[in-house]
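Provided herewith is a single structure, encoded as structure tokens, for subsequent inquiry.
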Amino acid sequence: MTTITPDRAEQAIGQIAVELPGATAIFRRLKLDFCCGGQIALREACAGKGLAVDQVLAELATLDRPVNQDAPVEAAALIDHILERYHAVHREQLPELIRMARRVEAVHRDHPEVPAGLADHLEQMEGELLDHMAKEEEILFPLLQRGESSLAAFPIEAMRHEHTGHGQQLERLMALTCDATPPMGACNTWRALYAGIAQLQNDLINHIHLENNLLFPGFEQHQDACCA
């Protein structure tokens, strides 16, 4: 986990962009150059744009999410946790990763290690994830929150099947990016892109784990007991 402290104001903005996935979206919105101008300190970059560095640090702090945060055991609280920690985060992550992937593919198209096809793959992942999460939010989770295990059996089976597909998409993502390892001399955008992809992989694996191994089994066992 990356801790956001006042000392961060003295850190190079490019280093922050690489170490804190999601920071690039904030820097881009504030017109702070983290790529070509990434060698200057955040405080200096903010001063150049007339921005209050404390406010920028506060925005960055919202991205400082625990890697292995304890999840609630009770179903309703676990669903709320999944929605806040994973569904909302995926919706933030993917558009910025797609934007950076398009830039890296365009700017470095002649580089032998350019991840050709990465942006398209991320767009496909985004479309499938958005559809998947919408089905959970509109159909499955309301059934689980109402305790309707019998009606939830088929949606759970369908979501498990889609989770397998997401896992295959992650395998392809890691193959395209050499396990999210940037080449020597990669620019800050390329390095930030791969740091964000590494976080996406970790988040999506944890997301699927919580549903497959913690949330769903409680309702499946209840259904089995009812049918016994």
Side-chain angles (χ1 to χ4, degrees), residues 1-2 12-39 60 62-65 67 85-136 159 161-209 211-212:
M1 183 174 71
T2 305
I13 187 172
Q15 185 178 354
I16 297 172
V18 171
E19 291 181 354
L20 186 62
T24 57
I26 293 174
F27 292 155
R28 183 166 50 86
R29 175 170 51 79
L30 297 176
K31 296 182 171 53
L32 293 170
D33 181 8
F34 63 87
C35 196
C36 298
Q39 72 279 3
L60 293 173
T62 67
L63 304 173
D64 192 22
R65 305 177 181 105
V67 175
R85 176 60 184 85
Y86 296 104
H87 284 212
V89 171
H90 294 329
R91 288 187 171 103
E92 292 177 5
Q93 289 170 317
L94 282 155
E96 181 65 7
L97 292 177
I98 292 166
R99 187 199 69 80
M100 286 195 290
R102 292 249 177 254
R103 180 170 178 79
V104 167
E105 288 185 66
V107 173
H108 302 285
R109 56 185 173 275
D110 296 326
H111 193 290
E113 295 182 64
V114 68
L118 176 59
D120 287 344
H121 182 68
L122 286 167
E123 279 194 340
Q124 182 180 354
M125 288 186 68
E126 180 186 39
E128 292 181 4
L129 266 175
L130 289 175
D131 179 68
H132 177 87
M133 292 188 299
K135 285 184 282 192
E136 289 187 334
M159 293 302 96
H161 176 74
E162 291 186 8
H163 286 166
T164 300
H166 297 327
Q168 293 168 346
Q169 295 281 41
L170 279 178
E171 290 179 6
R172 172 63 177 157
L173 182 63
M174 291 298 104
L176 281 168
T177 60
C178 298
D179 290 326
T181 305
M184 292 291 294
C187 69
N188 286 339
T189 299
W190 200 336
R191 293 167 64 207
L193 168 64
Y194 279 17
I197 284 173
Q199 185 192 59
L200 173 66
Q201 180 200 34
N202 189 67
D203 282 351
L204 189 52
I205 287 172
N206 286 339
H207 178 183
I208 292 171
H209 158 68
E211 293 185 356
N212 277 0

Please enumerate all residues that pass salt bridge (charged side-chain N to carboxylate O under 4.0 Å, His left out) together with Arg109, with sequence neighbours excluded.
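Salt bridge (charged side-chain N to carboxylate O under 4.0 Å, His left out) list for Arg109, sorted by chain: empty.
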Considering residues at least two apart in sequence or located in another chain, which fulfil the salt bridge (charged side-chain N to carboxylate O under 4.0 Å, His left out) criterion with Glu96?
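With sequence neighbours excluded, Glu96 shows a salt bridge (charged side-chain N to carboxylate O under 4.0 Å, His left out) to Arg28, Arg99, given in chain and number order.
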To the nearest 0.5 angstrom, please state how far the CG atom of Leu130 sits from the CE atom of Met125.
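So the CG of Leu130 and the CE of Met125 are separated by 11.0 Å.
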Identify the two heavy atoms, one from Gly22 and one from Leu63, that lie closest to each other, and give their separation to 0.1 Å.
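Scanning both residues completely, I find the closest heavy atoms to be C-CD1, 3.3 Å.
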Tell me, please, which residues at least two apart from Leu176 pass side chain to side chain contact (heavy atoms under 4.5 Å, CB included).
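Leu176 satisfies side chain to side chain contact (heavy atoms under 4.5 Å, CB included) with Leu118, His121, Arg172 only.
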Can you list everything that forms a side chain to side chain donor-acceptor pair (under 3.5 Å) with Asp110? Sequence neighbours excluded, please.
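Result, side chain to side chain donor-acceptor pair (under 3.5 Å) vs Asp110: none returned.
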With sequence neighbours excluded, what pairs up with Glu113 under the side chain to side chain contact (heavy atoms under 4.5 Å, CB included) test?
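Residues passing side chain to side chain contact (heavy atoms under 4.5 Å, CB included) with Glu113: His111, Pro183.
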With heavy-atom distances below 4.5 Å as the criterion, would you say the side chains of Met174 and Glu171 are in contact?
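Result no, sub-4.5 Å side-chain heavy-atom pair not found.
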Can you tell me how far the CG atom of Leu200 sits from the CD atom of Glu92, to the nearest 0.5 Å?
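Between atom CG of Leu200 and atom CD of Glu92 there are 12.5 Å.
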What's the separation between atom CD in Gln93 and atom CD1 in Ile197, rounded to the nearest 0.5 Å?
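One gets 10.5 Å once the value is rounded to the nearest 0.5 Å.
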On a heavy-atom basis, which atom in Gln201 and which in Leu170 lie closest, and how many Å separate them?
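Closest pair (atom of Gln201, atom of Leu170, distance): CA-CD2, 3.9 Å.
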Should Arg85 and Asp203 count as side-chain neighbours, where that means a heavy-atom distance under 4.5 Å?
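A side-chain contact exists here, since the closest heavy-atom pair is under 4.5 Å.
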Nearest non-hydrogen partners of Pro21 and Gly196, listed with the distance:
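Smallest interatomic distance, heavy atoms only, reads CB-CA, 3.8 Å.
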With His90 via ring-ring contact (aromatic ring centres under 6.0 Å, His included) - residues at least two apart:
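Per chain and number, His90 pairs via ring-ring contact (aromatic ring centres under 6.0 Å, His included) with His207.
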Closest approach of Ile98 to Ala119 (non-hydrogen atoms, all atoms of both residues)
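Minimum heavy-atom separation between Ile98 and Ala119: O-CB, 4.2 Å.
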Student check: side-chain heavy atoms of Ile16 and Phe27 closer than 4.5 Å
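Yes, at least one pair of side-chain atoms sits under 4.5 Å.
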Does anything in residues 174-197 pair up under side chain to side chain donor-acceptor pair (under 3.5 Å), and if so which pairs, sequence neighbours excluded?
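Listed by first then second residue: Asn188-Arg191, Trp190-Tyr194.
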Does the pair Leu173 and Gln169 meet the rule for a side chain to side chain contact (heavy atoms under 4.5 Å, CB included), with working shown?
CA-CA 6 Å; Leu173 182 63; Gln169 295 281 41; over 6 Å; no
Tell me which pairs pass salt bridge (charged side-chain N to carboxylate O under 4.0 Å, His left out) where either residue lies in residues 120-129, with sequence neighbours left out.
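Those involving residues 120-129 are Arg102-Asp120, Arg102-Glu123.
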CD-CG distance between Glu105 and Leu193, expressed to the nearest 0.5 angstrom:
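It is 9.0 Å, given to the nearest 0.5 Å.
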Just wondering, do Val104 and Pro115 contact through their side chains at under 4.5 Å, heavy atoms?
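Contact flag for Pro115/Val104 side chains = yes.
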Does a side-chain heavy-atom distance below 4.5 Å link His108 with Arg103?
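Not touching, per the 4.5 Å side-chain cut-off.
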Arg91: what forms a side chain to side chain donor-acceptor pair (under 3.5 Å) with it, not counting sequence neighbours?
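With sequence neighbours excluded, Arg91 shows a side chain to side chain donor-acceptor pair (under 3.5 Å) to Glu137, given in chain and number order.
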Does Val114 reach the side chain of Val107, with side-chain heavy atoms less than 4.5 Å apart?
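Heavy-atom side-chain distance check fails, nothing below 4.5 Å.
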Between Ala17 and Ala192, which heavy-atom pair has the shortest distance, and what is it?
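Heavy-atom minimum between the residues: O-CB, 3.5 Å.
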Taking atom CE of Met100 and atom CG of Leu122, what is their separation to the nearest 0.5 Å?
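That separation rounds to 9.5 Å.
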Spacing of CD belonging to Gln39 relative to CD1 belonging to Ile13, to within rounding of 0.5 Å
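The CD atom of Gln39 sits 10.0 Å away from the CD1 atom of Ile13.
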Taking only residues two or more places apart in sequence, or in another chain, which ones meet Glu136 in a side chain to side chain donor-acceptor pair (under 3.5 Å)?
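For Glu136 the side chain to side chain donor-acceptor pair (under 3.5 Å) partners, ignoring immediate neighbours, are His87, His132.
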